[in-house]
Amino acid sequence: MNRIVNFSAGPSTLPLSALQETAAELPDYRGAGMSLIEMSHRGKQYMAVQSEAAALVKSLLGLSDRFTVLFLGGGATLQFSMVPLNLLGAGKSCDFTLTGAWAGKAFADAAKVGKVNVLFDGKAQNYTTLPDPTTLTVSPDAAYLHMTSNETIGGIQWRDWPDTGAVPIVADMSSDIMSRRLPLEKFGLIYAGAQKNLGPAGLALAIVRDDVLARCSDELPAYLGYKIHAKNDSMYNTPPVFCVYMLGKTLRWLEALGGLDAAEALAEERSGLVYAAIDESNGYYRCPVDPNVRSKMNVVWRLPSETLEKQFVAEAEARGLSGLKGHRSVGGCRASLYNAMPVEGAKALADFMKAFAGRA
Ligand SMILES: *Cc1c(COP(=O)(O)O)cnc(C)c1O
C-alpha cells in the first residue's frame, strides 16, 4: 500500500482507519453473511448504523433535542433548491451573502423559487474578502439568511456570524463542518455535502431546528420536503446506505481524536504551516485572500507565473503531494486540508514549497 498525501478538494482524503474497517467488514458484515450494502435498510443492523451515525452528529456538534439530523441524497446541490422550496412560500423573501462560487449557485437556485435580497456581494473584490458580520443587517421579515461558511474554491471562511435576531441563519457548511465549534443558537438549518469532512460523495447532511422544520412546506413532491424525511427518520426512501455507514466511521474516528476542539486545533496547525510557507517566501507565493478571512480548510495561492504553477503542481505530484491544482475557474494552487489530512501532510507540503521557492 502506498497512500499519497491527498489535497483534493472533494471527494477528498478520509481517515485510513475508516477505510480499513470498511474494507475488512465489507464481504461479511459482523457475521451477517453479506455486506452492509447488500442488506435491507430496514433491518436491525443497518438501522443501528444509521442511528449511531445520527447520534454521533448530535454529540460531536453538541446539538440539543431541538435539532433533527437528516441524511439525504443529492449532495449539497439538492439543498440549494430544497431550502428555498421548503422555506420561501408565497410572498416570502430571504437574504443572501454572495461570497463566492458556492454561494452563487445557492443564490441562483433560491432566486428561481422566490425573492432574494443580497446583503453582501464580494464580486467587485473577486470574492477574496468578507464583510464584518456586525455590518450586516438582515431584513426583519426574511425567512432566513443564507451563508456559505467556507468558500471551497475562493479559500475564504467566516470567523464570526451576524446577529440576526429572530431570522434563522441557513448555512452551507459543506467544506468546514465538524472542523470547529459553532454558536449553534444562531443556526436554523445547517447542510453539508459529505465528501469533504464526513465521508463519500452523494450524501448530504441536513440539520434542522424544530421551529424551522415546523415552517417547512407541506405542498412539495415527497422527496423535496424536509418534513417527510424528518417524519420517516431519513428512511422515506432507501437512504444512501454506504455513505451513511462511512460517515459513521469517519465521525467515530473524529470522536476518538478529541472531537471538534481537536479538529479546530489541527486545522489551525495544518493551515498555519502552509500560510507560513506562503508568507515567508518573500513574495514568491502570493495568497490573494484577505488575511482576516483565510480559510483553514482550503488554502489558495499563486506563483509568479502559470508556467511555474504547472511545474509546481507536477513536481509535487511526483513526490506524492497530490491534487494541488486550483479550481479550473480561478487557476493557481489550492491545498484542501480537511479533518482527515494528517499534520505531516501539511508539513510535507510546506517543506516542498520552501524547497521549490528556494530554487527560483
Ligand atoms: C462541494 C460543495 C458543494 C457541492 O456539493 P455536492 O455534493 O457536489 O452537491 C456545495 N457547497 C460547498 C461549500 C461545497 O464545498
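Below, each value reflects all heavy atoms present in this structure, side chains not excepted, and no hydrogens, waters or symmetry copies. Keep in mind it's a predicted model, so treat the numbers as computed, not measured. Order of appearance sets the numbers: ligands from 1, and atoms from 1 within every ligand. Heads up: numbering here begins at 1 and tracks the sequence.
The proximity of Y191 to ligand 1, defined as any non-hydrogen pair under 4.0 Å, does not occur for either the backbone or the side chain. Residue contacts with ligand 1 for N150 involve N, CA, C or O but no side-chain atom from C-beta outward (heavy atoms, distance under 4.0 Å). Proximity of E151 to ligand 1, defined as any heavy-atom pair under 4.0 Å, is not found for any part of the residue.
Between H146 and F96, the ring centre distance stays below 6.0 Å. In this structure, Y46 has its ring center no closer than 6.0 Å to that of Y245.
In this structure a side-chain-to-backbone donor-acceptor pair under 3.5 Å is missing from D95 to L119.
Of all heavy-atom pairs between K196 and S174, the closest is CB-O, 3.5 Å.
Looking at atom 14 (C) of ligand 1, its nearest protein heavy atom turns out to be K196 NZ, 3.0 Å. Nearest protein heavy-atom contact of atom 15 (O) of ligand 1 is T152 OG1, 2.5 Å. Remark: minimum distance from atom 9 (O) of ligand 1 to any protein heavy atom is reached at T77 OG1, 2.5 Å. Shortest contact from atom 11 (N) of ligand 1 to any protein heavy atom: D172 OD2, 2.6 Å. Looking only at heavy atoms of the protein, atom 8 (O) of ligand 1 is closest to Q195 NE2, 3.3 Å.
When A76, G193, G10 are checked for heavy-atom proximity to atom 5 (O) of ligand 1, A76 turns out nearest.
A salt bridge does not link D121 with K123: every distance from a Lys NZ or Arg NE/NH1/NH2 to an Asp or Glu carboxylate oxygen is 4.0 Å or more.
Of all atoms in ligand 1, listed by their number and element, those nearer than 4.0 Å to a heavy atom of G75 are 7 (O), 9 (O).
Considering Q157, E264, E269, E268 as possible partners of K296, the one that fulfils the side chain to side chain donor-acceptor pair (under 3.5 Å) test is E268.
Y236 is not connected to L213 by any chain of hydrophobic side-chain contacts under 4.5 Å among Ile, Leu, Val, Met, Phe, Trp and Tyr, and they are in different clusters.
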